[in-house]
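These numbers were taken from a predicted model, which means no experiment stands behind them.
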Amino acid sequence: MGIHLSGVVGGIASLPALCAVIFRKSLPLPASLILWHIAGTGIVISIAASSKFARHSTWLLGKRKDGTINPVSKMLLWPYHAGLRAKLAIQRHVSSEPAWDQITPTYFIGAWPSEQALVPAAHPAVLDVTCELPLQVRPPAYKMIPVWDTHSPLPDQIDDAVVWAQEQERQGRQILIHCAHGHGRCSNRPLCYSRRQWTGTKYS
């Protein structure tokens, strides 16, 4: 998916570490510890989101099946949680891109809905393809498929999502599929769902 999350976060993490080293003699201890904590968090996330570990490390950010995030993760990894939320808020403020697009009569794809106003008026069920962002709205049905940014869902995750989505369709619901920005993780999923005759197809 182009630029890899692991490299981006790792690169950013080097900046507070560099500052902590350069200004170690003039910085008060609390400030130095904060810089090292920010750097350490970035390094941990960078390793966890790498290709080698990404399939097994989505639990790290503490996201539960109901879309809430464990407070312990928020406390320990606050630099990543806070930085990501700030980035998305700024991006939403300056971008003219719509929060979602309707691609079929049943399916919408979009960015993380941080508030109810960013959800289609049809009040769709929500399929969340992130491991880092909490559920902020109240959909009639919710399914979380944990995937790191810049990675793709695994075949068994796609299988699970298809079964869930087909059940929502049987109940007459439309479905909003979202990741962080609406470009990567969620963009291939409607293609899977639209295959009404899906029977054990393998995805790579």
May I have the step-by-step check of side chain to side chain contact (heavy atoms under 4.5 Å, CB included) for Val126 and Phe108, ending in yes or no? CA-CA 9 Å; Val126 170; Phe108 304 85; over 6 Å; no
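- With side-chain heavy atoms closer than 4.5 Å counting as contact, directly or through intermediates, the hydrophobic cluster containing Leu27 also holds Leu18, Ile22, Phe23, Leu35.
- Side-chain N or O atoms of Arg24 include one that pairs as donor or acceptor with a backbone N or O of Val21 at under 3.5 Å.
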Test side chain to side chain contact (heavy atoms under 4.5 Å, CB included) on Val137 and Trp112; report intermediate values, then the result. CA-CA 10 Å; Val137 297; Trp112 174 58; over 6 Å; no
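- Listed here is the closest heavy atom pair of Leu176 and Trp100: CD1-CB, 4.3 Å.
- Between the side chain of Asp101 and the backbone N or O of Ile103, no donor-acceptor pair lies under 3.5 Å.
- Nearest heavy-atom pair, Arg64 versus Asn70, reported as atom, atom and distance to 0.1 Å: NH2-CA, 3.7 Å.
- The one candidate from His123, Gln102, Glu169 that meets the side chain to side chain contact (heavy atoms under 4.5 Å, CB included) condition with Gln174 is Gln102.
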Criterion side chain to side chain contact (heavy atoms under 4.5 Å, CB included) on Cys131 and Met144, from CA distance to verdict: CA-CA 8 Å; Cys131 66; Met144 190 268 290; 5.7 Å; no
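- Of the possible polar contacts, none joining the Lys143 side chain to the Ala161 backbone as a donor-acceptor pair under 3.5 Å is found.
- Of all non-hydrogen atoms in Leu135 and Pro139, the two that sit nearest each other are CD1-CD, 4.2 Å.
- The distance from the CG atom of Leu60 to the CG atom of Leu76 is 9.5 Å, given to the nearest 0.5 Å.
- Summarising the geometry, atom CD1 belonging to Ile145 is positioned 9.0 Å from atom CH2 belonging to Trp164; distances are rounded to the nearest 0.5 Å.
- Nearest approach of Ala125 to Pro140, heavy atoms of both residues: N-CG, 4.0 Å.
- The side chain to side chain contact (heavy atoms under 4.5 Å, CB included) test with Gln157 is passed by exactly one of Leu154, Asp159, Asp160: Leu154.
- From Ile47, atom CD1 reaches atom CZ of Phe53 across 7.5 Å, with rounding to the nearest 0.5 Å.
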Using the side chain to side chain contact (heavy atoms under 4.5 Å, CB included) rule, take Ser73 and His81 through it: C-alpha gap first, then chi angles, then the decisive distance, then the call. CA-CA 9 Å; Ser73 172; His81 286 292; 3.2 Å; yes
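- Under the 3.5 Å distance criterion, the side-chain polar atoms of Gln136 are left unmatched by any main-chain donor or acceptor of Pro113.
- The closest side-chain heavy-atom distance from Pro124 to Val119 is below 4.5 Å.
- Rounding to the nearest 0.5 angstrom, the gap separating the CH2 atom in Trp148 from the CD atom in Glu132 is 7.5 Å.
- For the side chain to side chain contact (heavy atoms under 4.5 Å, CB included) test with Pro79, the passing option among Leu84, Thr41, Ile45 is Thr41; the others fail.
- Using modelled atom types, one side-chain atom of Lys63 and one backbone atom of Leu133 make a donor-acceptor pair closer than 3.5 Å.
- Taking each heavy atom of Ala54 and Ala49 in turn, the nearest pair found is CB-O, 3.9 Å.
- For the atom pair His178 NE2 and Ile109 CD1, the distance stands at 12.5 Å (nearest 0.5 Å).
- The structure places CD of Gln168 at 9.5 Å from CZ of Arg170, a figure rounded to the nearest 0.5 Å.
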